[in-house]
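As structure tokens, the structure follows; a few thoughts come after it.
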Amino acid sequence: MTELPDLPNVEDGVVMRLAPYPSGALHIGHTRMALLNDEYVKKYDGKLLLVFDDTIGSKEKVPVAEAYDLIREGLDWLGVDCHEVIYKSDRMHIFYEWGEKLLKGGHAYVCECPAEVLRAHRERGEECEHRNTPVNDNVEKWFRMLDGYFGEGEVVVRLKTDMKHPNPAFRDRVLFRIRNRVHPRTGDRFKVWPLLEFSWAIDDHLLGVTHILRGKDLVIEDEMEKYLWDIFGLPHREFVHYGMLRLKEMKLSKSKMSREIERGVYSGVHDPRTWTLQSLMRRGIDPQAVRNFTLGFGVSLTDVEVAADNLYAENRKLIDGRANRYFFVPDPVEIHLAGKPDDLDVVHAPLHPDVEERGTRSLDVSRGVVFVAKEDFDAHAGKEVRLKDFCNVVLGEQAQFKSLEVKDISKIQWSDAEVPVRVVMPDGSVLEGFGESGLEGVSSGEVIQFERIGFARIEKGVGGITAYFAHR
RNA sequence: GCUCCCGUAGUGUAGUCCGGUCAAUCAUUCGGGCCUUUCGAGCCCGACACCCGGGUUCGAAUCCCGGCGGGAGCACCA
């Protein structure tokens with residue numbers, strides 16, 4: 001793996017922060033944010049802060065109580081070492097204090113324009129009448145905001161940048177707004193909530209963050225933070241950006257994904273179609289594979305849209321050696337074997353073809369009954385095939401034993417038992433079939449390979465064996 | 001439309017800052033072969049790329065200008 005490019009100005013140590021928004025579990029697209037931070041902090045022996053960016057945001061983006069734990073679970077699984085956990089929602093008094101300073105310094109104003117008017121002004125580069133409100137009046141309005149005098153959407157605090165700024169996105173940004181919704185941690189205690197650019201300008205300074213790593217969707221926030229630092233006379237920090245990461249097979253947006261979970265279309269946060277870290281764990285993807293996969297993209301600003309095959313290839317390198325092999329036959333067809341040697345009751349097949357020392361598993365053929373997949377049955381009925389690791393037969397519901405020696409003919413997998421197994425595929429579909437008796441010895445959580453089908457992680461529960469398919 | 005960013009093979013990526021050692025790296029994918037009691041792994045071979053046009057230079061993937069293409073932002077989201 002190529003090493004990450006050096007960070008600038010690391011002489012006085014490195015402090016970085018992860019700032020997830022607790023609206024749901026982290027998914028594969030968030031690993032760039034998490035792992036790049038973690039790698040850099042490890043590279044420079046620095047400190048990593050986990051800061052939940054849990055201000056109340058837009059209507060579509062709502063902080064939810066369960067998300068905090070889901071995020072931490074995902075980060076732990078990834079092996080991200082957070083040295084401290086901080087909640088933005090605990091720091092509201094700090095933002096209020098600094099907001100007040102800004103208003104008292106005449107750098108911001110309370111604007112009562114409706115959102116649409118504000119936007120129209122921004123587009124045309126026009127100032128509104130609130131921009132020139134005297135400082136004392138602004139401060140007075142600010143306290144009334146904090147006292148709950150205003151309703152949602154009625155007023156905002158805006159930074160005075162320049163309504164003629166060439167970048168329309170930069171024109172008198174909103175810094176605080178009113179939200180009447182209940183917060184999962186602070187309830188209804190706060191009505192005035194800061195926007196990201198303001199809270200971070202203050203916290204990146206107060207928390208001693210030295211390097212800010214963020215997606216390129218947040219580049220404008222760099223300028224806002226610098227602008228605010230200059231007003232307060234604070235030293236600048238370093239910014240590093242990376243492009244967006246998405247998988248080709250991940251077609252749904254994050255919000256659509258949560259909606260589908262709510263509607264019951266997806267089974268939950270573990271559903272493979274969500275691509276959450278939880279779903280990857282469940283499938284037996286090794287967190288190191290995720291790390292190798294993600295870090296391979298470096299820190300470039302180009303957006304990455306990559307096939308999951310690349311992730312699977314990384315995972316295969318790690319798990320192929322340790323995954324034991326078993327047979328699974330989807331859509332099973334019962335086969336009665338005629339002519340089998342009477343003294344052949346048990347067949348031994350290697351647990352791993354490349355690691356003989358690991359031993360074998362035993363398949364019981366004393367009944368002369370085995371199961372093969374319908375697909376194999378249809379493809380080979382009437383022909384001689386080899387039941388892998390067992391014998392050669394002429395395939396049919398009444399099959400004829402031919403010989404034991406290994407011949408150069410098609411090999412198919414088979415099962416000696418009727419162990420019901422459900423294999424949940426990445427697209428959410430389910431294969432049902434029988435697994436071999438050896439599966440009884442597999443422990444829940446173990447990653448195995450169903451020969452000729454692929455790698456999967458086994459879960460055993462009251463409903464029997466469920467295998468979550470990882471990849472081929 | 002405005003602001004900013006990016007543009008190396010099917011997909012990603014190294015190299016671009018500090019021009020030659022790049023007839024361009026590695027991974028993945030695909031095709032072929034070997035091996036193999038898996039359509040897995042391993043080994044070998046092969047396929048495909050510097051967005052286009054000018055300029056600077058003895059020499060440009062690398063520097064400059066102009067196009068074109070893509071992305072992000074222009075939210076009282078993060």
Side-chain angles (χ1 to χ4, degrees), chain A residues 1-3 5 19-23 33 53-63 88 111 113-116 118-119 122-123 125 152-158 165-171 173-179 192-197 199-200 214-223 241 243-245 247-248 254-255 292-293 295-298 300-314 316-317 319-321 323 325 327 349-350 352-355 386-392 404-413 449-455 471-472:
Chain A
M1 167 148 335
T2 50
E3 213 191 316
Y21 186 78
S23 60
M33 167 284 280
D53 210 348
D54 59 346
T55 53
I56 287 189
S58 64
K59 288 185 179 57
E60 306 79 55
K61 226 175 223 176
V62 184
K88 271 264 186 77
C111 180
C113 294
E116 314 78 64
L118 189 155
R119 255 194 300 271
R122 180 135 61 207
E123 203 169 304
E152 194 161 324
E154 286 178 14
V155 283
V156 294
V157 173
R158 298 176 71 183
H165 195 281
N167 186 345
F170 203 75
R171 296 171 187 165
R173 295 275 280 197
V174 171
L175 262 24
F176 287 94
R177 71 327 204 179
I178 312 273
R179 282 293 102 106
V192 179
W193 290 89
L195 274 93
L196 167 150
E197 42 267 67
S199 63
W200 277 116
R214 52 169 53 137
K216 69 175 197 178
D217 51 329
L218 259 27
V219 280
I220 183 76
E221 320 301 346
D222 294 11
E223 297 313 308
H241 296 98
M244 301 294 125
L245 164 62
L247 292 183
K248 285 205 166 59
K254 196 183 164 196
S255 52
N292 297 345
F293 165 76
L295 262 16
F297 304 124
S300 96
L301 263 333
T302 39
D303 293 326
V304 172
E305 185 175 343
V306 68
D309 276 340
N310 293 273
L311 172 61
Y312 299 156
E314 291 296 342
R316 191 147 46 223
K317 286 178 203 162
I319 66 170
D320 181 58
R325 271 55 172 171
F327 289 137
H352 195 294
D354 305 326
V355 192
R386 180 167 182 79
L387 300 176
K388 191 164 176 288
D389 299 308
F390 180 17
C391 66
N392 310 308
L404 287 174
E405 90 278 6
V406 177
K407 295 190 359 192
D408 190 17
I409 54 177
S410 296
K411 284 111 190 167
I412 63 174
Q413 76 275 34
Q449 187 200 67
F450 285 133
E451 293 203 36
R452 308 176 75 221
I453 293 176
F455 296 93
H471 51 78
R472 285 174 55 171

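- Using a 4.0 Å heavy-atom cutoff across all strands shown, Pro20(A) reaches no nucleic acid atom at all.
- Atom CG in Asp320(A) sits about 11 Å away from atom P in rG40(B), given to the nearest Å.
- Going from the P atom of rA14(B) to that of rU25(B) covers 15 Å, rounded to whole Å.
- Taking a cutoff of 4.0 Å between a charged side-chain nitrogen and a carboxylate oxygen, Lys216(A) and Asp222(A) do not qualify as a salt bridge.
- Leu118(A) places a side-chain heavy atom less than 4.5 Å from the side chain of Val174(A).
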Grab the N/O contacts between the protein and nucleotides 26-36 of chain B below 3.5 Å, and write none if there aren't any.
{"unit_1": "rU28(B)", "atom_1": "O2'", "unit_2": "Asn310(A)", "atom_2": "OD1", "d": "3.3"}

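- Minimum atom distance to the side chain of Gln449(A) is reached by rG40(B), of the listed rC74(B), rG40(B), rU37(B).
- The Ile220(A) side chain lies nearest to rG73(B) when the options are rU38(B), rA75(B), rG73(B).
- Residue Lys411(A) contributes atom NZ, which lies 7 Å from atom P of rU37(B) at whole-angstrom precision.
- Annotation: side chain to side chain contact (heavy atoms under 4.5 Å, CB included) contacts of Pro114(A) (sequence neighbours excluded): Glu116(A), Val117(A).
- For the C1' atoms, the distance linking rC58(B) with rA47(B) amounts to 35 Å, nearest Å.
- Closest approach to the Leu218(A) side chain among rA78(B), rU38(B), rU37(B) is made by rA78(B) (side chain taken as heavy atoms from C-beta onward).
- The base of rG71(B) lies outside donor-acceptor range of the side chain of Asp217(A), with no N or O pair under 3.5 Å.
- In this structure, the nucleotide among rC76(B), rG12(B), rC77(B) sitting nearest to the side chain of Ala115(A) is rC76(B).
- When the C1' atom of rG73(B) is taken as reference, atom CD of Glu223(A) falls 12 Å away, rounded to whole Å.
- In RNA chain B, consecutive stretches of 3 or more Watson-Crick or G-U wobble pairs with both distances under 3.5 Å are given as paired ranges: B:1-7 with B:68-74, B:10-12 with B:26-28, B:29-34 with B:42-47, B:51-55 with B:63-67.
- Looking at residues two or more places apart in sequence or on another chain, you find a side chain to side chain contact (heavy atoms under 4.5 Å, CB included) between Ala115(A) and Arg119(A).
- Glu221(A) comes within 4.0 angstrom of a base, heavy atoms only.
- Contacts of Cys391(A) with the nucleic acid, taken as non-hydrogen atoms under 4.0 Å apart, are absent.
- Only the C1' atoms considered, rC50(B) is 15 Å distant from rG19(B), to the nearest whole Å.
- Nucleic acid contact class of Val304(A) (heavy atoms, under 4.0 Å, all strands): sugar-phosphate only.
- Spacing between rU29(B) and rC48(B) at atom C1', rounded to whole Å, works out to 11 Å.
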Using a cutoff of under 3.5 Å, can you pull out all pairs of nitrogen or oxygen atoms linking the protein to nucleotides 3-6 of chain B, with atom names and distances?
{"unit_1": "rU3(B)", "atom_1": "O2'", "unit_2": "Asn167(A)", "atom_2": "ND2", "d": "3.0"}

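- By the 4.5 Å heavy-atom criterion applied to side chains, Lys317(A) and Asn292(A) are not counted as neighbours.
- Rounded to a whole Å, the CZ atom of Arg214(A) is 18 Å from the P atom of rA72(B).
- As a whole-Å value, the separation of Lys88(A) NZ from rA78(B) P is 8 Å.
- For Phe297(A), the side-chain atoms get nearest to rG12(B) when compared with the rest of rC77(B), rU37(B), rG12(B).
- Closest to the side chain of Leu118(A), out of rU13(B), rC76(B), rG73(B), is rC76(B).
- What separates CE of Met244(A) from C1' of rG71(B) is a distance of 10 Å, to the nearest Å.
- Minimum interatomic distance between Pro350(A) and Asp389(A) (heavy atoms only, all atoms of both residues): CD-OD1, 3.8 Å.
- Following rounding to the nearest Å, Arg173(A) (CZ) and rC74(B) (P) show an atom-to-atom distance of 6 Å.
- Residues Glu221(A) and Arg173(A) are paired through a salt bridge, judged by an N-O separation under 4.0 Å between the basic side chain and the carboxylate.
- Rounded to whole Å, the C1' atom of rG33(B) lies 28 Å from the corresponding atom of rU13(B).
- Distance from the side chain of Val156(A) is smallest for rC76(B) among the nucleotides rA78(B), rC76(B), rU13(B).
- Looking at heavy-atom distances under 4.0 Å, Pro350(A) makes no contact with the nucleic acid at all.
- Taking atom CZ on Arg179(A) and atom C1' on rA78(B), their separation rounds to 13 Å, with Å as the unit.
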Checklist entry - How does each nucleotide of nucleotides 45-51 of chain B score, in 5' to 3' order, for protein heavy atoms under 4.0 Å: base (B), sugar-phosphate only (S), or none (-)? => result -------
